[in-house]
Amino acid sequence: MVMATLIGPKRYNRAKLEAYECGIEPTPTPAGGGRFPIKYYLTAMLFIIFDIEIVFLYPWAVTFDALGIFGLVEMLLFVLTVFVAYAYVWRRGGLEWD
């Protein structure tokens, strides 16, 4: 890869040096970078929360018999906590895209 970079052809032009955005002309960004709405970050955090929930639910389901009633109560508390967070985000309008 280093040799290809060193001895390969270098034919730069304006089109090759611009960022490619699916055929759409790139829009200029402000000097400090563009600002993203907070909904993007909230959606990402919500996605991570539900991914973590699945990470905990899968091993629990595999060892359900060995855990007994203690495991059931603990998982119900965990799912209830996640459901409360989900209801809060839903109530605040975090799942609506405008």
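Note that these values count all heavy atoms, side chains included, but never hydrogens, waters or copies made by symmetry.
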Report summary line: CG of Leu6 to CE of Met1, rounded to nearest 0.5 Å, is 12.0 Å
Does [X] share a hydrophobic cluster with [Y], counting links as ILVMFWY side-chain heavy atoms below 4.5 Å and allowing steps through other members?
X	Y	answer
Val79	Ile69	yes
Leu80	Val82	no
Val89	Ile48	yes

Checking [X] now: which residues fulfil side-chain contact (heavy atoms from CB on, under 4.5 Å) with it, not counting sequence neighbours?
X	value
Tyr12	Lys10, Leu17
Tyr88	Arg92
Trp60	Leu57, Phe64, Leu67, Leu72, Met75

Query raised in the report: What residues form a ring-ring contact (aromatic ring centres under 6.0 Å, His included) with Phe56, not counting sequence neighbours?
Result: Phe78
Query raised in the report: Taking the side chain as C-beta and beyond, is there a heavy-atom pair between Asp51 and Val55 under 4.5 Å?
Result: no
Report summary line: Joining Ile, Leu, Val, Met, Phe, Trp and Tyr whenever any side-chain heavy atoms lie under 4.5 Å apart, the cluster holding Phe47 also takes in none
Query raised in the report: For atom CZ of Phe83, is the number of surrounding heavy atoms from other residues, nucleotides or ligands below 6.0 Å larger than 12?
Result: no
Query - Tyr86 and Ile49: CA distance, side-chain angles, deciding distance, side chain to side chain contact (heavy atoms under 4.5 Å, CB included) verdict - result: CA-CA 9 Å; Tyr86 174 73; Ile49 287 170; over 6 Å; no
